[in-house]
Amino acid sequence: MDDPESRFTRLYDENHRRVLAYALTRAEPHTAEDIAGETFLIAWRRLDDIADPPLPWLLGVARNLLHKQRDRRLRGHALADRIRALATPADLAAWDVAEHVVERETALAAIAGLSERDLEVLALVNWHGLEPRQAAKVVGCSVPAFAVRLHRARRRLARALDAAAPAGPRPAVQAAPEAAR
C-alpha cells in the first residue's frame, strides 16, 4: 500500500480540477478556491475514510462546505440587517470618523510613551483579562505589589493621555478593580 503522502498527492492531482470546477459552479472564484483547498485539507485529515472512487466523497465534502459558507453569509446579512434596523439617522450622524481617528492617534501616542513594565502590567489586566491575583503570578510579585504597579501604570497612562490629547475630553482610563485596590 502507498504511504499516505503519495496517496494524497495522487488523490489531489487526479481530483483537484474537478472539485474546483464543482465549487466554481456554485460560488465566486475566490470562494471556490477556498472550498477546494479546504476539501483537500479534510481529505488529508480523513485519508483513510475515502473510498474508491474518491470523487463522490470529495464532492460531498465540497458541497457541505459550500452550504456552511452560504449559511454563514446569510447569518451575516441577517445580522447586518438587524443592526441597520436598530441604527437611527441620528446615530449615523453622531458617529464622526474623524473624531475616532483623533482619539486613536492620541491613545497610541500616550501608549508609546509608557515603559515596558507599565505596558506589561496594563496588557495583562486590560488585554489578557487577568485578575490582579493572576497577573501578579505572571510577573512574579505579590498581589499588593502588583496592585501598586497597576495603579501607577494607570496614573502614568492618564497623564500621558492628558498630555497627548487635543482640547476636549480624553478617552476614559479604566478604574482599578476592587480586588486591586
Side-chain angles (χ1 to χ4, degrees), residues 1-112 119-132 134-135 138 157 161 168-175 177:
M1 181 171 227
D2 294 336
D3 67 295
E5 189 173 326
S6 59
R7 182 174 173 219
F8 177 78
T9 302
R10 191 173 58 255
L11 175 79
Y12 183 88
D13 290 343
E14 292 173 359
N15 295 286
H16 180 263
R17 289 175 53 114
R18 295 173 80 182
V19 171
L20 180 59
Y22 175 82
L24 281 168
T25 63
R26 288 158 181 79
E28 297 293 321
H30 66 281
T31 302
E33 290 171 6
D34 289 345
I35 294 296
E38 194 169 345
T39 298
F40 283 95
L41 176 64
I42 292 169
W44 171 252
R45 290 180 182 152
R46 299 188 53 201
L47 196 57
D48 293 333
D49 297 339
I50 303 172
D52 264 347
L55 187 60
W57 187 91
L58 292 167
L59 294 181
V61 170
R63 181 178 183 272
N64 289 339
L65 291 170
L66 285 162
H67 284 290
K68 286 180 184 178
Q69 190 271 342
R70 186 198 72 226
D71 291 345
R72 278 192 303 268
R73 188 180 68 247
L74 291 175
R75 281 194 307 272
H77 288 314
L79 178 61
D81 290 343
R82 286 191 306 220
I83 291 171
R84 219 177 349 268
L86 293 173
T88 65
D91 292 333
L92 297 176
W95 197 81
D96 181 6
V97 174
E99 233 175 78
H100 292 280
V101 170
V102 169
E103 287 177 6
R104 181 177 185 274
E105 292 301 317
T106 300
L108 289 174
I111 289 170
L119 289 172
E120 179 184 32
V121 169
L122 292 168
L124 287 171
V125 173
N126 295 314
W127 183 266
H128 298 289
L130 297 180
E131 296 292 322
Q134 298 165 321
V138 173
L157 176 59
L161 284 169
R170 67 172 169 83
V173 176
Q174 180 183 0

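The first residue of the sequence shown is numbered 1, and numbering continues consecutively from there.
- Annotation for L58 and A43: closest pair CD2-CB, 3.8 Å, computed over non-hydrogen atoms.
- Residue R72 holds its CZ atom at 12.5 Å from NE2 of H77, rounded to the nearest 0.5 Å.
- For the pair V125 and L130, the minimum side-chain heavy-atom distance is 4.5 Å or more.
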Table please: side-chain donor-acceptor pairs of residues 23-31 below 3.5 Å, with sequence neighbours left out.
{"residue": "T25", "atom": "OG1", "partner": "Y22", "partner atom": "O", "Å": "2.6"}
{"residue": "R26", "atom": "NH1", "partner": "Y22", "partner atom": "O", "Å": "3.3"}

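- Applying the ring pair (Phe, Tyr, Trp, His ring centres under 6.0 Å) rule to H16 yields the partners Y12, F40; only residues at least two apart in sequence or on another chain are considered.
- In this structure, the separation between CG on L65 and OG1 on T39 is 4.5 Å, given to the nearest 0.5 Å.
- Taking CG of D3 as the start and OG1 of T9 as the end, the distance is 8.0 Å to the nearest 0.5 Å.
- Taking the salt bridge (charged side-chain N to carboxylate O under 4.0 Å, His left out) definition, one finds that D13 meets it with nothing, sequence neighbours left out.
- To the nearest 0.5 Å, the span separating CD1 on I50 from CG on L55 amounts to 11.0 Å.
- Atom CZ of R17 has 12 or fewer heavy atoms from other residues, nucleotides or ligands within 6.0 Å.
- Contact of the L79 side chain with the R75 side chain is not registered, since no non-hydrogen atoms from C-beta on lie closer than 4.5 Å.
- Closest approach of L161 and A110 over heavy atoms only: CD2-CB, 3.5 Å.
- Among all heavy-atom pairs drawn from P54 and L11, the shortest one is CB-CD1, 3.3 Å.
- Residues V19 and I35 have side chains not in contact (no heavy-atom distance under 4.5 Å, counting atoms from C-beta outward).
- One distance of note links NZ of K68 with CG of L66; it measures 11.5 Å at 0.5 Å rounding.
- Heavy-atom neighbours of R18 CZ from other residues, nucleotides or ligands within 6.0 Å: at or below the threshold of 12.
- Pairing each heavy atom of R7 with each of L47, the nearest pair is NH1-O, 3.1 Å.
- With values rounded to the nearest 0.5 angstrom, L124 atom CG is found 11.0 Å from L119 atom CG.
- Side-chain contact between W57 and D52: absent, with no pair of heavy atoms (C-beta onward) separated by less than 4.5 Å.
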